[in-house]
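Here is how names work: the chains are called A, B, and so on, in the same order as the sequence lines, proteins then strands, and each is numbered from 1.
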Amino acid sequence: MSATTQTPTTPASSTASKAARLLGDRRLPVLATAALFLAMYIGGLSRYQNYGFAEPQVFLNLFIDNGYLLVAAVGATFVILSGGIDLSVGSVIGFTTMFTAWLVERQGVPLVIAVVLALGVGSFGGFLMGYVIHNFEIQPFIVTLAGLFLFRGLCLVISKESISIGDASVSSLAQTRVSLGLGELSIGALLALVVLGIAFYVLHYTRFGRRVYAIGGNEQSAMLMGLPQGGTKIAVYTVSGFCSALAGLLFTLYIQSGDPLHATGMELDAIAAVVIGGTLLTGGSGYVIGTLFGVLVLGLIKSLIQFEGTLSSWWTKIATGVLLCAFILIQRAMTARKKT
Amino acid sequence: MAEPQPVLQMTGIVKEFPGVRALSGVDFRLFPGEIHALLGENGAGKSTLIKVLTGVHSLDGGTITLDGESVRFASPLQAQQAGISTVYQEVNLCPNLSVAENIFIGREPTRAGRIQWKRMRREAAELVDRLGLDIDVTAPLSSYPLAVQQLVAIVRSVGTGDSVSGGSGTKVLILDEPTSSLDRGEVLELFSLMRRLKEQGVAILFVSHFLDQIYEVCDRMTVLRNGTLVGEHMVRDLDQVGLVQLMIGKALDQLEELHDHQLHSDVGETLLKAEALGRAGGIAPFDLEVKKGEVIGLAGLLGSGRTELARLLFGADQPDSGTVSIGGKQVSMNAPNDAIGAGVAFCSENRKTEGLVPDLTVRENIILALQAARGWTRPIPASQRDELVAKYIKALDIRPANPEARVGQLSGGNQQKVLLARWLITQPKLLILDEPTRGIDIGAKAEIQKLVVSLSEDGMSVLYIAAELEEVLRLSHTIGVLRDRRLVAQLTNGPEITTSRILETIASGEHQ
Ligand SMILES: Nc1ncnc2c1ncn2[C@@H]1O[C@H](COP(=O)(O)OP(=O)(O)OP(=O)(O)O)[C@@H](O)[C@H]1O
Ligand SMILES: [Mg+2]
């Protein structure tokens, strides 16, 4: 009964016009953020030229002052790419500062061991959250919200007061600067860049990384394609927990104290950096390099406002909010375009 | 002749979903080197049997042996590792990844843990090429139409056994309705691929509602009805009439009825007129006139621009050029809302991504478009709503006939019917149906075609897109022929128009 069309297959595709493809290109948001950063930087140059903005060190300070945020945002990128969210980032950072300060100052634990312990606790926390999310099929939002309260609570269990770190090795580590010719970077900043590089490699050149994209694209399909989606999910939250703990260590180094209220709300900065960097909140699309630019843009806003001098620091939040809205609208427009 | 040992044997398979017994005691066996058809009406349990086998659903009873060993898979991954590759009914790939990745993900070529992108792309291009597909494997999957995605899914599943990729190699290949969105050329490519694999000793399980295809390529068939086994036969021992009887449990005369039905001649004044309407990269500017009560069929190969034409008329894509007027008044078709307001309804071919909300009930899904057309501030009275829903569930024979069932749990064919009901209920002036009978069983297909006839008799205009030319020919007053994204001819249906005449027009691309 079926006499269907009989001619050999035509090239069924390769139709999308060039312009449309360019607009649909997933790299576009990253380029947009990079361009925004460049424009802001040039704007800063022309406005504060006489106040030393042109110094290369001003640029490098962006890395020094935001290294911990970059590490946290890299972890958040994994989670968001997989279609999830991690709200516990700030609390884990805060907890890590307290935990290390307490170990080193109050318990006299050698720094190296304290670092290993802190990283272990952060990773394990992430692992647990991932395990609950996967095995009990609970919204990541809820589970990591519980994580947020839990870790913040643990901070207060350790101590209600802040603990400042007087340990000589910590302060010498914090003072260490590596010269790059034009300027210098701190250990924390370098470490953050290394983390970024590893994350890029993992996301693009390992099977695990591609699975993160796959489950962010369509979790059900990923399962039917025979990908171990549960293990991937758990791993993603473990990575985020590890990155948060590492960010906490960098923050401790930067601030040289532990405080139960450190890094409150920093998860939101991390998520903002990821989104401004062009990663889709729905998962499956984005680049960790975009996250770098997201962090740099946020950092640059802060330093521009410092250079301006007369503006209150609240303007940072306002500018971040405006940018976030703008970028989410761009994403919205892009996904709408893709559907047609 | 002693029969060889089956590679796969399923005995007494039972699967229950809350409130439905999808499979009750089904036996099934599959021999190496055969193509085995699994047949049955929509909702008979074909896909469920496949999902139970491959570990998507857990098993409630029965045993499965693979190569003589008892197995029970906890996930599709395990089934894959044991040598069972599956293409599930709906395309299940990741739209955000490139074609090459979709083919290889989970078994990408690596060296020291590092993915070899170049090699992966090259191998993907070769695999795709072998199926006669000419596409850019680095582009994201979502940039290709459904049919291409379907082919990519097939390439992925056979790629496992065919190429170097290690593992035990494919012993069993399962294809759940792989041909529903393919055109003839691609179906032939697929069949020759299936025959090649068969010669290599792979056992293939094939599901399709196209009976001709079953007779063309299959050796043996198993028929299910309402979750029970009706019989297993060699294809050569059972003719189509007998098969249809087995499938639906009674002889089918409604199909005959349709065969000699007369097109009604009651075509009224012009309803919709498109002039020089076009979109770069979609379809070249065309003129089209749709009269009241007229059925216009669109014929053409995959990718010839059928869907693109329809989308322009619905405002789903924005035209670069031309005008549309409805009832003599020019309207701007910039968004589907404009079209819906003007009385145009569009039943998309892509039910999974563009149509249904799987977590809502059948009733809610059916009501959705009607409610949108009325505006959200004017709810439809409950009694009227339930009556309407019941009417269409009955008219289209949606099973289970339960308006409160969640759409995601319906069988593929029944989901398609729900989508159709949604648009029918709005009583549009022009109804655009893009492949409305895809994945629908033979009985329901006849029902839908009868419905189109009766709607047009009542004065509704219909734009009907179907891959099967006979379907188009049977229903349409006018047949628009598309080729290479251009409307090349509009033929008035009559005794001299035959499927071969349409094929000629498609092949020559000439206006006659
Ligand atoms: N996840 C689920 N939850 C509840 N019921 C389900 C689920 N999946 C399938 N069913 C029911 O099981 C029965 C068999 O469905 P199945 O999808 O196997 O049919 P099918 O033979 O593949 O039909 P089609 O030809 O339409 O694809 C149907 O009644 C369906 O509603
Ligand atoms: Mg099915």
Side-chain angles (χ1 to χ4, degrees), chain A residues 1-21 24-26 81 83 201-232 280 282-286 335-340, chain B residues 56 75-77 79-81 86 88 92-97 101 105-106 108 110 113-115 132-136 139-140 142-145 147-148 156 183-187 189 210-213 280-282 299-304 311 316-317 354 467-470 484-485 499 503 506-507:
Chain A
M1 42 172 278
S2 70
T4 19
T5 37
Q6 295 270 350
T7 351
T9 328
T10 45
S13 51
S14 60
T15 51
S17 71
K18 247 199 174 131
R21 254 185 98 165
D25 195 309
R26 279 149 215 283
L81 278 177
Y201 181 85
V202 168
L203 282 174
H204 294 280
Y205 290 99
T206 66
R207 290 185 177 177
F208 166 68
R210 302 320 292 169
R211 285 206 300 269
V212 173
Y213 279 88
I215 66 172
N218 189 332
E219 198 180 331
Q220 173 75 9
S221 292
M223 190 268 287
L224 290 177
M225 286 162 95
L227 302 178
Q229 104 280 19
T232 308
L280 280 186
T282 47
S285 170
T335 36
R337 175 169 289 276
K338 235 180 283 151
K339 275 200 198 115
T340 59
Chain B
V56 178
S75 70
L77 177 62
Q80 238 175 54
Q81 285 164 345
T86 314
Y88 296 93
N92 280 294
L93 297 174
C94 293
N96 57 326
L97 301 181
E101 280 207 86
I105 194 160
E108 299 96 333
T110 54
R114 180 191 164 108
I115 294 177
L133 257 183
D134 174 26
I135 54 175
D136 173 11
S142 59
S143 61
Y144 292 110
V148 175
R156 173 182 171 80
D183 71 24
R184 186 66 194 157
E186 285 153 333
V187 168
E189 291 287 348
F210 297 106
L211 300 188
D212 286 352
Q213 295 181 355
L301 294 177
L302 181 73
S304 60
R311 289 177 65 93
D317 292 330
E354 289 177 22
E468 264 181 88
L469 285 185
E470 293 207 341
D484 295 341
R485 301 183 175 265
T499 49
L503 281 171
I506 292 177

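- Among residues two or more places apart in sequence or in another chain, the side-chain contact (heavy atoms from CB on, under 4.5 Å) test is passed with A:Arg210 by A:His204, A:Tyr213, B:Leu97, B:Glu101, B:Ile105, B:Glu108, B:Ile115, B:Trp117.
- Considering only heavy atoms from C-beta on, A:Met225 comes within 4.5 Å of B:Leu93 through its side chain.
- Residue contact with chain B, scored on non-hydrogen atoms closer than 4.5 Å, involves the side chain of A:Tyr201 exclusively.
- Considering B:Val56, B:Leu77, B:Thr86 as possible partners of A:Leu224, the one that fulfils the side-chain contact (heavy atoms from CB on, under 4.5 Å) test is B:Val56.
- Here the side chain of B:Asn96 pairs a donor or acceptor atom with the backbone of A:Gly284 at under 3.5 angstrom.
- Counting heavy atoms from C-beta outward, A:Met223 and B:Ser75 have side chains that stay 4.5 Å or more apart.
- The minimum heavy-atom distance between B:Cys94 and A:Ala214, with the atom names listed, is SG-O, 3.3 Å.
- Residues passing the side-chain hydrogen bond (donor to acceptor under 3.5 Å, both in side chains) test with A:Thr232, sequence neighbours excluded: A:Arg211.
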